[in-house]
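Just so you know, residue 1 is the first one in the sequence shown, and it goes up from there. Each ligand, and each atom within it, is numbered from 1 in the order the structure gives.
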Amino acid sequence: MTNKICPVMLIRVLLFIKMLKKNIFNKIKLIEYYKLINYNLIYNNIAINRYKKDIFEISEDKAKNLELLKNSIKNQKNCNLKKQAKNIVFSDGNPKSKIMLVGEAPGASEDEEGLPFVGRAGKLLDKMLAAINLDRKKVYISNIINYRPPENRRPTDEEIKKYLPFITKHIEIIKPKILILLGSTAMNALIGNDVVISKMRGNWIEKEFGNCKTSVIITFHPAFLMRQPAQKKMSWIDLKMIRDKKTKLKI
Ligand code: URA
């Protein structure tokens with residue numbers, strides 16, 4: 001056997017070492033680049049969802065889902081509305097109902113009693129429901145916001161954004177066949193921002209909230225009707241549409 005190194009072999013080894021060095025150098029450069037662009041933050045398998053609050057998975061147990069939802073709302077951090085309110089105003093009525101109503105936010109009476117629509121606007125709502133042979137035990141009622149805004153002011157866009165995942169989940173849990181949105185805050189939050197209630201009311205909109213497909217109708221808020229009684233005739237048209245839909249869907 002000869003100890004001589006064949007030149008071709010030597011060149012190959014040298015080329016291999018050079019390629020290896022280049023490869024390692026490139027890898028180091030790539031790692032540095034990934035660090036620079038915060039690769040882990042962007043491409044981590046666990047998605048960072050800054051906008052959608054994934055509260056919990058809905059199970060078959062409606063009562064349990066509602067309890068979990070209520071606790072999620074109660075356990076929120078840094079909520080000024082919650083800090084200033086006396087009670088959470090979660091819902092009233094029958095969770096098995098196929099008709100759900102969503103208002104804006106609790107007022108003083110609702111904050112006191114922990115129930116939605118029990119003040120003056122609530123009394124008018126009861127009359128509106130009675131006019132189409134419904135009452136609050138036959139429907140399910142909630143609000144976009146679950147704590148009273150101070151001085152009954154309108155909830156801010158930021159507050160609505162914060163509570164939107166909760167009311168959306170609430171609708172998904174109840175799975176109504178008919179969803180009645182009372183007033184422009186509920187309409188803007190759940191349907192979209194660029195619409196005017198006077199144009200949107202009195203129409204059926206088919207909408208999906210998660211796996212809940214529902215027929216949505218927008219109508220005037222009872223507090224608005226107390227200020228503008230002339231609009232009650234429009235509200236009556238909407239109520240009759242709800243009555244007819246109820247019959248059609250055999251609810
Ligand atoms: N107005 C609302 O929108 N909701 C209530 O619960 C009471 C008044």
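Judged by the shortest distance from any of its heavy atoms, Ala105 lies inside the 4.0 Å radius around the atoms of ligand 1.
At the shortest separation from atom 4 (N) of ligand 1 among protein heavy atoms lies Asn143 OD1, 2.8 Å.
The cationic atom of Lys74 (NZ for Lys, CZ for Arg) does not lie both less than 6.0 Å from the six-membered ring centre of Tyr147 and within 45° of the ring axis. For Lys207 and Phe209, the positive end sits near the middle of the six-membered ring, less than 6.0 Å away and at most 45° from its axis.
Within ligand 1, counting atoms from 1 as listed, the ones closer than 4.0 Å to a heavy atom of His221 are 1 (N), 2 (C), 3 (O). Listed by atom number, the atoms of ligand 1 under 4.0 Å from Gly103 heavy atoms are 3 (O). For ligand 1, the atoms sitting less than 4.0 Å from at least one non-hydrogen atom of Pro116 are 6 (O), numbered in the order shown with element in parentheses.
Listed for the Thr214 side chain is no donor-acceptor partner under 3.5 Å among the backbone atoms of Val216.
Residue Phe117 has at least one N or O atom closer than 3.5 Å to an N or O atom of ligand 1. Between Glu104 and ligand 1, a contact under 3.5 Å exists for at least one N or O pair.
In the displayed structure, Lys123 atom NZ is contacted under 6.0 Å by more than 12 heavy atoms of other residues, nucleotides or ligands.
Each of Lys137, Lys138, Arg136 was checked for a salt bridge (Lys or Arg N to Asp or Glu O under 4.0 Å) with Asp92, and the lone residue meeting it is Arg136. Across Ile178, Ile180, Leu125, Leu134, a single residue satisfies side-chain contact (heavy atoms from CB on, under 4.5 Å) together with Val139, and that is Leu134.
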